[in-house]
Amino acid sequence: MKILVIGSGGREHALAWALYNNGANTVLVTPGNPGTAEFARNISGDPVEIAEKESVDLVVVGPETPLVEGIAGLLAEKEIPCFGPSAECARLEGSKWFAKEIMAAARVPTATGKVFKNHSSAVDYLGEYPDKFVIKADGLAAGKGVYLPDTRRESDAIIEDLFKGSLGKAGTSVVIEQRLRGREVSVLAVCNGIDAVVLPPSRDHKRAYDGDMGPNTGGMGAICPPPDVPCDFGEDVRERVILPVLKVMKERGMEFRGVLYAGLMITEYGYFVLEFNVRFGDPETQAVLPMVESDLAVLFLAAAKGEDLPPLEVKEGASACIILASGGYPGSYSKGFEITGLEKTDSLVFHAGTAEEDGSLVTAGGRVLGVTALGEDIDEALEKAYLNADRIEFEGKHMRRDIGRTV
Ligand code: AMP
Ligand code: GLY
């Protein structure tokens, strides 16, 4: 099969790698990165035009923005199968309130919440105990739209900023919901509109520093599967969350074909959905896909066309991905530092923020590389991943040392 992957991060490197590695597939990536160039063809330009010109059999969309903007519809007009949902379906990620309404109709467990369109009603709702709530910009905010205030002063300032336009249109509606406490797990489901196959569960580590301290990042590492999660968890989430959501969406005229990512919190009262994404997680994908044995192209194409999904073969054991970030990330950081030591590694290394400059590999983003290793269990996977992460050098390199050790 000839497949075009859209995106340039670690997630897309892992997707392209799995599509290339697990089947007899030719992979193109737009725009891609120096890692994908090692086995795939990187092309720049308009993705729909590239897909048409190259007569690809399937397009796999990495990031949410093209999905929310309707790339699936543009590809459908050209009769090119797209693994990634329509703009209407992508509202499950593009509007937190839309997701809440669908969850209510599907009777999916989620935190109780309300939507607000103005400052005073939102502030009244929060009352004297803002630390019992989470404040969320309704729209897409590139991972910056969720706030967990501790004091009244903090929550007032957040609400005021959002309605003043600090996140643009994303914050003109604000969702406030009950704050849940527990362990977070991500479940990625490949959906064909009515049915789904779940990938093994994983766990991201969002804070910048050890002990879950410091600012939120795009993700500093992931493990798959989390050892504290029961082995039938994915199947349970498929039955209680994914399938009911697909059913309600279909009843409303929307067939979800692509990855539905459920971000869950396991609490003492059971598990709840915190959020949906309509794409693969980053860096979960870099930990999850190396655990898959099957040819993903066959699965993704069946999902894209709304056909029966083949079963998924998954490896025994566990995997861990450690992110190597630029010093200062997620705040400001410098770029252009030479990256050395890759030739000493004997695990998977997925590129995210890298570039080629005068024949050497240099840093070009906040999250630079993701080092993934597999093992018989999570301890072995982590040991190998850290061993390899230590072999790679660049000025200012920062990584968390406790991936897989916190929940
Ligand atoms: P994001 O992936 O940027 O939407 O951030 C979502 C993160 O906010 C989750 O991973 C949780 O850590 C946190 N979060 C979201 N909703 C809640 C909630 N109801 N209770 C507690 N934490 C939440
Ligand atoms: N790892 C979180 C996300 O991809 O949204």
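In each ligand, atom 1 is the first atom listed, and ligand 1 is the first ligand listed. A quick note: this is a predicted structure, and the numbers were derived from the prediction, not measured. Just so you know, residue 1 is the first one in the sequence shown, and it goes up from there.
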Asker: Kindly say whether Gly365 contributes a backbone atom to a donor-acceptor pair with the side chain of Ser326 at under 3.5 angstrom?
Answerer: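 Present.
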
Asker: Whether the side chain of Glu12 engages the backbone of Gly9 through a donor-acceptor N/O pair (distance < 3.5 Å, no angle test) should be reported.
Answerer: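 Side chain of Glu12 to backbone of Gly9: a pair is present.
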
Asker: Which of the atoms of ligand 1 are close to Met265, meaning less than 4.0 Å from one of its heavy atoms?
Answerer: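 Once the distances to Met265 are compared, the set is 21 (C), 22 (N).
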
Asker: Cation-pi between Arg11 and Phe280: NZ/CZ under 6.0 Å from ring centre and within 45° of the ring axis?
Answerer: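 Not flagged: Arg11 not positioned over aromatic ring of Phe280.
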
Asker: Would Asp282 count as a polar contact of ligand 2, with the cut-off being nitrogen or oxygen pairs under 3.5 Å?
Answerer: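 Between Asp282 and ligand 2, an N or O pair is found under 3.5 Å apart.
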
Asker: Does any N or O in the side chain of Asp138 come within less than 3.5 Å of the main-chain N or O of Trp97, such that one atom is a donor and the other an acceptor?
Answerer: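 Here the side-chain-to-backbone pair exists.
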
Asker: Is a side-chain N or O of Thr267 found less than 3.5 angstrom from the main chain of Tyr269, in a donor-acceptor match?
Answerer: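 It does hold such a pair.
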
Asker: For atom 18 (C) of ligand 1, what is the closest protein heavy atom, and at what distance to 0.1 Å?
Answerer: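 Among all protein heavy atoms, the one nearest atom 18 (C) of ligand 1 is Val134 CG2, 3.4 Å.
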
Asker: Can you list the ligand 2 atoms lying under 4.0 Å from a non-hydrogen atom of Asp204?
Answerer: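 With Asp204 as reference, the close atoms of ligand 2 come out as 1 (N), 2 (C).
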
Asker: Flag this pair as yes if the NZ/CZ of Arg367 is under 6.0 angstrom from the six-membered ring centre of Phe350 and inside a 45 degree cone about the axis; otherwise no.
Answerer: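 Ring-cation test returns no.
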
Asker: Give me the nearest non-hydrogen protein atom to atom 14 (N) of ligand 1 as residue plus atom name, then the distance to 0.1 Å.
Answerer: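 Among all protein heavy atoms, the one nearest atom 14 (N) of ligand 1 is Leu274 CD1, 4.1 Å.
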
Asker: In ligand 2, which numbered atoms sit nearer than 4.0 Å to a non-hydrogen atom of Gly281?
Answerer: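 Checking each atom against Gly281, I get 4 (O).
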
Asker: Tell me the protein heavy atom at minimum distance from atom 19 (N) of ligand 1, and give that distance in Å.
Answerer: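 So the nearest neighbour among protein heavy atoms is Glu177 OE2, 2.7 Å.
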
Asker: Which residue supplies the protein heavy atom nearest to atom 21 (C) of ligand 1, what is that atom called, and how far is it?
Answerer: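 Scanning the protein heavy atoms, the shortest distance from atom 21 (C) of ligand 1 goes to Leu180 O, 3.2 Å.
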
Asker: With a cut-off of 4.0 Å, which atoms of ligand 2 are near a heavy atom of Tyr261?
Answerer: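 The list of qualifying atoms is 1 (N), 2 (C), 3 (C).
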
Asker: Hey, looking at atom 16 (N) of ligand 1, which of Lys136, Arg181, Glu275, Lys206 has the closest heavy atom?
Answerer: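 Shortest heavy-atom distance from atom 16 (N) of ligand 1: Lys136.
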
Asker: Taking the non-hydrogen atoms of Arg279, is any one of them nearer than 4.0 angstrom to ligand 2?
Answerer: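 Yes; Arg279 lies near enough to ligand 2 that a heavy-atom distance drops under 4.0 Å.
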
Asker: How close does the nearest protein non-hydrogen atom get to atom 3 (O) of ligand 1, and which residue and atom is it?
Answerer: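 In this structure, atom 3 (O) of ligand 1 has Gly143 O, 3.6 Å as its nearest protein heavy atom.
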
Asker: Using a heavy-atom cut-off of under 4.0 Å, does the side chain or the backbone of Arg179 touch ligand 1, or both, or neither?
Answerer: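 Both backbone and side chain of Arg179 come within 4.0 Å of ligand 1.
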
Asker: Any idea which part of Gln178 is under 4.0 Å from ligand 1, heavy-atom wise: side chain, backbone, both or neither?
Answerer: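 For Gln178, the contact with ligand 1 is made by the backbone alone.
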
Asker: Relative to the heavy atoms of Asn277, which atoms of ligand 2 are at a distance of less than 4.0 Å?
Answerer: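 So the answer, numbered in order with elements, is 5 (O).
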
Asker: Do NZ/NE/NH1/NH2 and the carboxylate oxygens of Arg203 and Glu184 come within less than 4.0 Å?
Answerer: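 Result for this pair is no, no salt bridge flagged.
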
Asker: Take Ser121 and Asp124 through the test side-chain hydrogen bond (donor to acceptor under 3.5 Å, both in side chains) and record every step on the way to the result.
Answerer: CA-CA 5 Å; Ser121 55; Asp124 283 351; over 6 Å; no

Asker: Ring-plane angle category for Phe39 and His13, please: parallel below 30°, perpendicular beyond 60°, tilted otherwise.
Answerer: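 Phe39 and His13: parallel rings.
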
Asker: Starting from the C-alpha separation in whole Å, work towards a yes-or-no answer on ring-ring contact (aromatic ring centres under 6.0 Å, His included) for Phe233 and Tyr271.
Answerer: CA-CA 10 Å; Phe233 187 75; Tyr271 66 82; 5.0 Å; yes

Asker: Identify, for atom 5 (O) of ligand 1, the protein heavy atom at the shortest distance, and state residue, atom and that distance.
Answerer: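 Here the nearest protein heavy atom works out to Val146 CG2, 3.7 Å.
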
Asker: Can you tell me the protein heavy atom closest to atom 9 (C) of ligand 1 and the distance?
Answerer: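 Closest protein heavy atom to atom 9 (C) of ligand 1: Glu184 OE1, 3.4 Å.
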
Asker: Is there a donor-acceptor pair closer than 3.5 Å between any side-chain N or O of His398 and the backbone N or O of Ala208?
Answerer: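 It does hold such a pair.
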
Asker: For ligand 2, indicate whether the residue Glu284 contacts it via side chain, backbone, both or neither (heavy-atom separation under 4.0 Å).
Answerer: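 Only the side chain of Glu284 comes within reach of ligand 2.
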
